[in-house]
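Just so we're on the same page: letters track the sequence lines, and every chain starts at 1.
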Protein chains: 2
Amino acid sequence: MALPTPADAGGSQVKSAVRTVELLEYFAGRPGMHSLAEVQTSLGYPKSSLYMLLRTLVELGWVETDATGTRYGIGVRALLVGTAYIDGDEVVAAARPTLDRLAEETTETIHLARLDGADVVYLATRQSQHYLRPFTRVGRRLPAHSTSLGKALLATHSDDEVRKILPERLAPLTEHTFTDREELIEELALIRERGYSVDHEENTVGLRCFGIAIPYRTPARDAVSCSVPVARLTPGREQQIRDALFEARDRLTLATRHL
Amino acid sequence: MALPTPADAGGSQVKSAVRTVELLEYFAGRPGMHSLAEVQTSLGYPKSSLYMLLRTLVELGWVETDATGTRYGIGVRALLVGTAYIDGDEVVAAARPTLDRLAEETTETIHLARLDGADVVYLATRQSQHYLRPFTRVGRRLPAHSTSLGKALLATHSDDEVRKILPERLAPLTEHTFTDREELIEELALIRERGYSVDHEENTVGLRCFGIAIPYRTPARDAVSCSVPVARLTPGREQQIRDALFEARDRLTLATRHL
DNA sequence: GGAACGCGTTCAGTATACGGAACGCGTTCA
DNA sequence: TGAACGCGTTCCGTATACTGAACGCGTTCC
């Protein structure tokens with residue numbers, strides 16, 4: 001799930017601001033409480049600077065301490081901004097009825113996600129009502145190269161752009177995950193041709209996903225997918241899901257044409 | 001939904017860190033895109049300082065700009081940390097089975113929330129399966145004084161502590177909302193006595209909620225509630241819900257005794 | 001058409017936040 | 001038992017990030 005850290009270069013940055021968000025991302029990446037020394041060795045900031053920074057964030061409620069006051073973790077205040085991103089997003093708002101309809105038509109789990117660096121971020125989900133269903137949550141990040149959503153989005157970039165986004169070797173999540181960037185790029189050509197992507201248990205064993213990009217900007221930023229346990233899949237059902245996805249894509253294209 | 005800004009006083013703070021989170025909270029509070037000048041007049045920072053800060057946060061993906069690059073809004077990266085707070089929380093994890101069971105027993109909307117200043121923050125919800133149901137989302141904030149959750153939590157504080165947390169005049173959300181702090185404090189005495197709180201359409205017209213605090217620390221930090229449209233309420237059903245809540249409280253007390 | 005505005009951007013002097021080193025304190029060994 | 005460690009905390013000189021003023025550019029208004 002390599003979090004990209006874009007543009008370290010390029011002009012002077014406000015140091016404490018960089019550290020503030022790096023610190024928040026550190027805590028977010030490792031739930032639970034952490035000592036100052038632990039954070040210090042991980043991030044490499046001087047102890048005293050880190051101490052002041054932590055004290056400030058604790059006072060603001062963005063970082064919390066345990067009863068002893070010496071172990072730190074992410075605070076309640078951080079919740080606020082994350083959900084606001086979703087609430088204010090025009091694409092999420094415009095996609096709502098289409099997602100509902102897609103969920104009804106397929107009765108399977110539906111995702112709307114956005115490409116951020118080499119990851120996709122879930123913006124909205126509709127849970128399958130079946131007992132057997134994938135676990136997901138808004139805000140979750142997954143590698144683009146192992147998901148149908150990510151592959152559908154990467155396919156709207158040129159091969160060279162994809163080479164800039166992804167490293168040469170890709171981290172495997174299952175035995176089916178593409179681990180070679182160039183092999184993945186060949187697959188992207190196929191995706192462009194037929195208009196949708198498929199994830200054959202590349203992210204989760206037992207789960208097949210179908211993804212399609214929303215073309216309101218190029219390269220595309222958002223995509224929708226439908227995830228189905230292989231146990232429930234038949235050729236006929238697969239065709240049905242593909243049709244529903246294409247129809248959803250057309251509706252979404254209309255709903256987002258003003259963006 | 002007065003966001004508390006605790007402890008402005010007390011020791012030197014890292015200025016850029018304070019501004020960073022204030023800026024994020026600003027964007028979170030006003031979804032959509034905003035010009036530099038607009039933010040500048042609202043927050044009162046010098047233009048040039050704000051400019052540098054924004055540029056830094058844009059590079060890091062925590063703030064996004066529109067196509068022109070001159071209008072700013074909250075970025076994808078902010079999503080990450082918010083959801084992490086929930087994922088890492090021991091109370092949320094420990095409460096999961098109890099919430100599921102409570103949702104099944106009552107078939108109504110269930111909330112787990114935490115007190116933060118004068119607000120409550122939703123940490124987990126179980127949606128009612130009925131067609132008529134309240135709209136909620138994890139991360140949402142509501143005033144403590146107008147919710148059963150908030151009142152159940154405030155009741156575990158002493159009257160003087162409540163006077164420190166709440167202002168004298170309370171903002172009304174419906175015609176039933178308590179607007180006088182001292183009147184609310186009288187109600188809190190009643191809540192302590194009977195062990196649970198009731199919100200009689202004080203937050204949303206047509207909705208009655210029952211709340212109960214989880215006593216794993218004093219004063220309590222978290223509470224659970226059950227929200228029911230008045231149209232579906234009968235005396236017998238109300239009794240049933242109260243019983244289920246008390247049972248849930250006992251289960252949660254057990255599940256959180258190690259915290 | 002030109003002057004005045006509004007807005008984003010740059011610059012340089014200076015207030016200030018950073019960071020290396022020292023301190024205090026509790027814990028762990030020999 | 002006392003010396004050595006680990007960890008959080010404080011201190012002070014200095015590197016540096018902040019800010020007020022100036023700039024450039026597009027738009028508005030007379």
DNA chain C in dot-bracket, Watson-Crick or G-U pairs under 3.5 Å, [ ] crossing, | other strand? ||||||||||||||||||||||||||||||

Letter by letter from the 5' end, nucleotides 6-12 of chain D scores (B base, S sugar-phosphate only, - none; protein heavy atoms under 4.0 Å) --BBBB-

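- Note: CD (B:Gln40) to P (C:dT9) measures 14 Å, nearest angstrom.
- Under the rule for a side chain to side chain donor-acceptor pair (under 3.5 Å), the partners of B:Glu182 that lie at least two apart in sequence or sit in another chain are B:Arg163.
- In this view, B:Arg126 and B:Asp100 satisfy the salt bridge (charged side-chain N to carboxylate O under 4.0 Å, His left out) rule, not counting sequence neighbours.
- Partners of A:Tyr26 according to the ring pair (Phe, Tyr, Trp, His ring centres under 6.0 Å) rule, which considers only residues two or more places apart in sequence or in another chain, are A:His34.
- Between the P atom of D:dC18 and the CG atom of B:Leu54 lies a distance of 12 Å, rounded to the nearest Å.
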Take B:Arg192 and B:Asp159, measure what salt bridge (Lys or Arg N to Asp or Glu O under 4.0 Å) needs, and give me the verdict at the end. CA-CA 12 Å; B:Arg192 281 183 207 111; B:Asp159 291 352; 3.1 Å; yes

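- Partners of A:Arg251 by salt bridge (charged side-chain N to carboxylate O under 4.0 Å, His left out), not counting sequence neighbours, listed by chain and number: A:Glu247.
- Residue B:Arg19 has no polar side-chain atom (N or O) positioned under 4.0 Å from OP1 or OP2 of D:dA17.
- Looking at residues two or more places apart in sequence or on another chain, you find a side-chain contact (heavy atoms from CB on, under 4.5 Å) between B:Ala248 and B:Thr98, B:Leu102.
- With sequence neighbours excluded, no residue forms a ring pair (Phe, Tyr, Trp, His ring centres under 6.0 Å) with A:Tyr216.
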Listed pairs under 3.5 Å, donor-acceptor, residues 164-171 of chain A side chains, sequence neighbours left out:
from: A:Arg169; atom 1: NH1; to: A:Asp180; atom 2: OD2; distance (Å): 3.2

